[in-house]
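The residues of the chain are indexed from 1 along the displayed sequence.
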Amino acid sequence: MRIKVIEARIARLEASQRYNARARMSHVQLDRQLLAGMNEIAADHGSIGAAVTAMEASPDPIDQELAREITSFIEQQRIERERRAAH
């Protein structure tokens, strides 16, 4: 019985991903979309650093989590650029 439940859940997950446009995007496409969103955020705050600072200071946990995600994304991009430059 548990196998059937697991199989049903996997089938639902796979079906939902087929209809999610981002699930089919490459990492490059996702990164471009993220950068476009970050540019919009930066335009509203003057810079992405100012936006992250405002989100970190926000009492809203969603804003705080977004600040952490943006900071992590920027760090990952920096590491990737350094890796490419080294080769």
Q.
Tell me whether Arg68 at atom CZ has more than 12 heavy atoms from other residues, nucleotides or ligands lying less than 6.0 Å away.
A. yes

Q) Considering all heavy atoms of both residues, which atom of Ala50 and which atom of Ser47 are nearest to each other, and what is their separation? A) N-OG, 3.0 Å

Q.
Surrounding CD of Glu40 (heavy atoms of other residues, nucleotides or ligands, distance under 6.0 Å), is the total greater than 12?
A. no

**Q.** Side chain proximity check, Gln77 to Asp31, heavy atoms < 4.5 angstrom
**A.** yes

Q) Minimum heavy-atom separation for Arg83 to His87, with atom names? A) O-ND1, 2.8 Å

Q.
List the residues meeting side-chain contact (heavy atoms from CB on, under 4.5 Å) with Gln76, not counting sequence neighbours, and say none if there are none.
A. Ser72

Q: Indicate the atoms forming the closest heavy-atom contact of Glu56 with Gln64, along with that distance.
A: O-CG, 3.9 Å

Q | More than 12 heavy atoms from other groups under 6.0 Å of CD1 on Ile79 | A | yes

Q) Apart from Ile41 itself, which Ile, Leu, Val, Met, Phe, Trp or Tyr residues share its cluster (side-chain heavy atoms under 4.5 Å, direct or through members)? A) Leu34, Leu35, Met38, Ile48, Val52, Met55, Leu66, Ile70, Phe73, Ile74

**Q.** Donor-acceptor contact present, side-chain Gln29 to main-chain Ser26, <3.5 Å
**A.** yes

